[in-house]
Number of protein chains: 2
Amino acid sequence: MPPDAARRSDRSRLAVLAAARDLVAEVGYPRVSIEAIARRAGVGKQTIYRWWPSKGAVALDAVRALSEGEGGAITLPDTGDLEADLKTVLRATAAEFTDPALSALLRALYAEIAVDPELATLYREKVDHPLTEAKLARLRSGQRAGQLHPDADLALCLDFLYAPFTQRWLHRAGPLDEAYADALVEATLRAFAPAHDVDPRPSRPPQADR
Amino acid sequence: MPPDAARRSDRSRLAVLAAARDLVAEVGYPRVSIEAIARRAGVGKQTIYRWWPSKGAVALDAVRALSEGEGGAITLPDTGDLEADLKTVLRATAAEFTDPALSALLRALYAEIAVDPELATLYREKVDHPLTEAKLARLRSGQRAGQLHPDADLALCLDFLYAPFTQRWLHRAGPLDEAYADALVEATLRAFAPAHDVDPRPSRPPQADR
DNA sequence: ATATCGAGACGAGACGGTCCGTCTTGACAT
DNA sequence: ATGTCAAGACGGACCGTCTCGTCTCGATAT
């Protein structure tokens, strides 16, 4: 007996997501209780338990609400220069990861996902998959333009672009600056370059090794 | 007034880590309470609170206890064939990520790390850094053998090898099989290959040159 | 050498608080 | 009439702190 979604109060829904967003930013996700969200939102506890299965699910929706001003389908910039476009997008991602409200929520979401398989599935379907499709589209466009090898594994290419970036941010292993973004894009394109695009190594990042 | 480490009961320490390991495997990390760990370990609650600042810190030590049969310094295989060695190591990592007890603990640890900066620092120092050093050493050896570009950014190279692997596992985005491990190694080596080791696509084992 | 003693970690668990997830109530909307 | 809503009561679990009495030490006194 699922609740009747048609009669759902949008007012309460938004109040819950906003309260969750603010509380997570203020006291940190682990110290946010569902009771506190309800209090802050001016909402009955049951209203939260009726519509969300877990605190993590609320976090997921709060993330979606924050990063979804776009409304319709997501489209990445396509100026014809794949390398430049990817650097632009990666820098934008860095900015999102740096935004306090969004980043606190995203950290919480990744934490719950690591430990909650059902939430992970929800995340993949509702957040990751649409984004991945948009990114893949841009890579395919670059591939058609001869900027990637015709046989390149584009999914793997995406992993190379985003996984190191996300991990560095999650582990706080280093700054998400333009140097790192650029190095990531350049090395990835090197790995998936078309056959005879032989241009030797450009510069090496400053602190390479000791 | 930190407690006197010299008088610490090793018996209790090990019992706590074992109890944590077992409980996490049995009921899942979020449902493991410190009280339950103490009960299972036959240990006073205070003994846990005395030596660990949080449940996540216990998880970190439990992971260390599990993956630290090695004792001394970590060394990666070095047969002279970098590509083969990296595939070997990545497959071993996949096996660790598949082991039920270790993987449940590791998921918990990554979840806490995402949200707890202090624990993240501890993780980087005690777990990640030593491992990274060992991996870097192997890459340097390959670099000296001419299997990597002399100016290659080895830290970035490591990110390429491991971050996509870890993320795929964390997000349950796909199987951690040999095909993925091999593709990861091949594409990474392509990105950091020495200058004129042309012959792009279908990767071929590097010929030992010297 | 042996006995005494104090410090501190130990197992056990009491304690007040918080939060969990469920359930009940009465108001309100459709 | 039905179902969501805000509000909050409810028993139970767990939190983190604390107080017990026991035990193992090393230092000192005999």
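Residue numbers start from 1 in every chain, and the chains themselves are labelled A, B, ... in the order their sequence lines are given, proteins ahead of strands.
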Q: Please determine whether a side-chain nitrogen or oxygen atom of Trp51(A) lies at a distance below 4.0 Å from atom OP1 or OP2 of dC5(D).
A: yes
Q: dG11(C) phosphate, OP1 or OP2: any side-chain N/O from Ser12(B) under 4.0 angstrom?
A: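 For dG11(C), OP1 or OP2 has a side-chain N or O of Ser12(B) closer than 4.0 Å.
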Q: Measure across Val115(B) and Ala111(A) and return the closest heavy-atom pair with its distance rounded to 0.1 Å.
A: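 Looks like CG2-CB, 4.3 Å.
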Q: Tell me, please, which residues at least two apart from Ala25(B) pass side-chain contact (heavy atoms from CB on, under 4.5 Å).
A: none
Q: For DNA chain C, find the residues of residues 16-24 of chain A with a heavy-atom distance under 4.0 Å and give them by number; none if there aren't any.
A: none
Q: Could you list all the salt bridge (charged side-chain N to carboxylate O under 4.0 Å, His left out) pairs where at least one residue sits in residues 100-118 of chain B, not counting sequence neighbours?
A: none
Q: Does any residue of residues 114-121 of chain B have a heavy atom under 4.0 Å from DNA chain C, and if so, which ones, in number order?
A: none
Q: Below 30° counts as parallel, above 60° as perpendicular, anything between as tilted: where do the rings of Tyr110(A) and His171(B) land?
A: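 Answer is parallel, since the angle falls under 30°.
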Q: Between Ser141(A) and Asp78(A), which heavy-atom pair has the shortest distance, and what is it?
A: OG-OD2, 2.8 Å
Q: Go through Lys87(A) and Glu178(A) one step at a time and tell me if the salt bridge (charged side-chain N to carboxylate O under 4.0 Å, His left out) criterion holds.
A: CA-CA 8 Å; Lys87(A) 286 178 179 176; Glu178(A) 303 191 351; over 6 Å; no
Q: Is any side-chain nitrogen or oxygen of Arg8(A) closer than 4.0 Å to OP1 or OP2 of dT4(D)?
A: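 For dT4(D), OP1/OP2 do not have a side-chain N/O of Arg8(A) under 4.0 Å.
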Q: Side-chain donor-acceptor contacts of residues 160-168 of chain B below 3.5 Å, not counting sequence neighbours, with atom names and distances?
A:
unit_1, atom_1, unit_2, atom_2, d
Thr166(B), OG1, Tyr162(B), O, 2.9
Arg168(B), NH1, Pro175(B), O, 2.8

Q: Mind listing the side-chain donor-acceptor pairs of residues 41-53 of chain A below 3.5 Å, one per line with the distance, residues two or more places apart or on another chain?
A:
unit_1, atom_1, unit_2, atom_2, d
Lys45(A), NZ, Glu35(A), OE2, 2.9
Trp52(A), NE1, Asp61(A), OD2, 2.7

Q: Just to confirm, is there a sub-4.0 Å distance from OP1 or OP2 of dA9(C) to any side-chain nitrogen or oxygen of Ser9(B)?
A: no
Q: Just to verify, what does Phe97(B) make a ring-ring contact (aromatic ring centres under 6.0 Å, His included) with, not counting sequence neighbours?
A: Trp169(B)
Q: Taking atom C1' of dC20(C) as reference, at what distance in whole Å does atom CH2 of Trp52(A) sit?
A: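 To the nearest whole Å, that distance equals 18 Å.
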Q: Can you name the atoms? Protein N/O to nucleotides 6-8 of chain C N/O, anything below 3.5 Å, with the distance.
A:
unit_1, atom_1, unit_2, atom_2, d
dA7(C), N3, Arg7(B), NH1, 3.2
dG8(C), O4', Arg7(B), NH1, 2.7
dG8(C), N3, Arg7(B), NH2, 3.3

Q: Mind checking what makes side-chain hydrogen bond (donor to acceptor under 3.5 Å, both in side chains) contact with Thr75(A), not counting sequence neighbours?
A: none
Q: Check the distance between dC10(C)'s C1' and Arg13(B)'s CZ and give it to me in whole angstrom.
A: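 Spelled out: CZ on Arg13(B) to C1' on dC10(C) is 16 Å.
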Q: Could you run through nucleotides 13-19 of chain D and give me one letter per nucleotide, 5' to 3': B if any protein heavy atom sits under 4.0 Å from the base, S if only the sugar-phosphate is that close, - if neither?
A: -SBBBB-
Q: Can you sort out the partners of Arg21(A) under salt bridge (Lys or Arg N to Asp or Glu O under 4.0 Å), two or more places apart, ordered by chain and number?
A: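 Expected list: none.
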Q: Side-chain contact test, heavy atoms from C-beta onward, threshold under 4.5 Å: evaluate it for Leu170(B) versus Ile113(A) and give yes or no.
A: no
Q: Show me, pair by pair, the donor-acceptor contacts under 3.5 angstrom made by side chains of residues 128-135 of chain A, not counting sequence neighbours?
A:
unit_1, atom_1, unit_2, atom_2, d
Asp128(A), OD2, Thr132(A), OG1, 3.4
Thr132(A), OG1, Asp128(A), O, 2.9

